[in-house]
Amino acid sequence: MQLIRVLFASALMLTLTPAQADQADSVKRLTVLLQKAETLTGRFSQLSLDGTGTQLQETSGELALKRPGQFRWHTDEPMEQLLVSDGKKVWLYDPDLEQVTIQTLDQRLTHTPALLLSGDVSAISDNFDVSHQQAGEVVDFTLKPKAKDTLFDSLRLSFRGDVINDMQMVDGVGQRTNILFQGIELNQPLKADLFTFEIPEGADVISE
């Protein structure tokens, strides 16, 4: 019986093209790295550039993520914003405008990149063509959406020593968003109220 299993597995491998084998290996490696983090906390700095490389915006802040689908991104002043998800709803709070926008969390990985770090990653191969390159302890994964209706044209995730180091998104007009993660800690206990939001008194509420 063991020999039959080995032969059957070998036959399956023979039916894969080199490109398919590389894709499968890249997806497997990326999935293993992502699933190591049940929770993730740290800081981030974000830089947005237009298609010519001109800087559009630079921000920084703190983040906390917890599977499945819970995240909290707090952008520092002077452009303070708070983005919170409990896995079902998303709250975006702008203190300067005293405005809260509430919407249902879009579960598509191609529309909510934060879910790659905090959500169900079992559908990566269904949503993306994935490749990777490794140099020493750094491994870069490039994800290209298979669908046309997506938030970005390509996404790069970079890991250093099995921990997420940075992310880069490029959209259809060439605008790039680079996010550098700092002081990342994995699998620390997080309080549930981090991923809920109480609407401040007097704030305007927009539901989508």
Side-chain angles (χ1 to χ4, degrees), residues 26 29-50 53-87 90-96 105 109-121 124 128 130-143 151-171 174-197:
S26 295
R29 293 187 62 175
L30 176 58
T31 300
V32 168
L33 286 171
L34 291 171
Q35 289 181 334
K36 285 184 177 181
E38 288 298 319
T39 69
L40 182 152
T41 59
R43 288 192 59 81
F44 69 90
S45 57
Q46 180 173 315
L47 179 65
S48 297
L49 308 170
D50 67 15
T54 301
Q55 180 174 319
L56 299 175
Q57 188 181 83
E58 185 172 9
T59 58
S60 61
E62 295 181 333
L63 74 150
L65 305 156
K66 183 179 180 180
R67 298 188 186 279
Q70 301 175 76
F71 52 84
R72 181 185 185 95
W73 294 69
H74 184 195
T75 304
D76 296 334
E77 296 179 347
M79 302 183 67
E80 186 179 9
Q81 283 189 333
L82 177 60
L83 183 68
V84 179
S85 171
D86 64 359
V90 180
W91 295 266
L92 174 60
Y93 176 51
D94 189 318
D96 289 336
L105 176 63
L109 299 179
T110 55
H111 284 66
T112 310
L115 288 179
L116 283 167
L117 303 180
S118 65
D120 180 5
V121 294
I124 286 179
F128 302 101
V130 185
S131 60
H132 76 278
Q133 292 184 329
Q134 183 154 1
E137 64 174 351
V138 176
V139 56
D140 293 329
F141 295 88
T142 300
L143 290 74
L151 181 66
F152 50 86
D153 280 2
S154 68
L155 171 68
R156 178 178 56 76
L157 295 174
S158 179
F159 291 78
R160 180 183 295 273
D162 293 349
V163 177
I164 187 71
N165 184 73
D166 62 85
M167 173 189 293
Q168 182 186 84
M169 290 174 285
V170 181
D171 67 17
Q175 181 171 317
R176 300 195 305 277
T177 301
N178 300 310
I179 303 174
L180 177 65
F181 300 101
Q182 301 157 320
I184 293 298
E185 294 187 9
L186 303 183
N187 302 323
Q188 299 296 311
L190 299 178
K191 295 181 179 179
D193 60 7
L194 271 178
F195 308 106
T196 60
F197 183 77

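The analysis underlying the following values was restricted to heavy atoms, covering all of them including side chains, and did not include hydrogens, waters or symmetry mates.
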> Pairs in or reaching into residues 36-46: which pass side chain to side chain donor-acceptor pair (under 3.5 Å), with residues at least two apart or in two chains?
Replying inline: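 For residues 36-46: K36-D162, R43-D76.
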
Side-chain heavy-atom pair [X], [Y] within 4.5 angstrom cut-off:
X	Y	answer
D86	W91	yes
H132	V130	no
V84	L82	yes
L49	N178	yes
E80	H74	yes
L34	F159	yes
V163	F181	no
P68	D120	no

Closest heavy-atom contact between [X] and [Y]?
X	Y	value
S158	D140	OG-OD1, 2.7 Å
A64	L190	CB-CD1, 4.4 Å
L186	A37	CD2-CB, 3.8 Å
L83	V90	CD1-CG1, 3.4 Å
R72	D193	NH1-O, 4.3 Å

Kindly compute the distance separating [atom1] ([X]) from [atom2] ([Y]), expressed to the nearest 0.5 Å.
X	Y	atom1	atom2	value
L40	F71	CG	CZ	13.0 Å
L65	L194	CG	CG	10.5 Å
M167	L157	CE	CG	5.0 Å
L115	S85	CG	OG	7.0 Å
L117	R67	CG	CZ	7.5 Å
F152	L143	CZ	CG	7.0 Å

> Should the pair D166-R156 be classified as a salt bridge under the 4.0 Å nitrogen-to-oxygen rule?
Replying inline: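 Looking at D166 and R156, the cut-off is met.
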
> In this structure, are over 12 heavy atoms from other groups packed under 6.0 Å from Q57 atom CD?
Replying inline: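 Count over threshold, so yes.
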
>> Would the distance check show the side chain of S118 and the main-chain N or O of A114 forming a donor-acceptor pair, the cut-off being under 3.5 Å?
In response: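 Here the side-chain-to-backbone pair exists.
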
> side chain to side chain contact (heavy atoms under 4.5 Å, CB included) between T177 and I179: does it pass, once the steps are laid out?
Replying inline: CA-CA 7 Å; T177 301; I179 303 174; 4.3 Å; yes

>> Run N165 and I184 through side chain to side chain contact (heavy atoms under 4.5 Å, CB included) and show every step you take.
In response: CA-CA 8 Å; N165 184 73; I184 293 298; over 6 Å; no

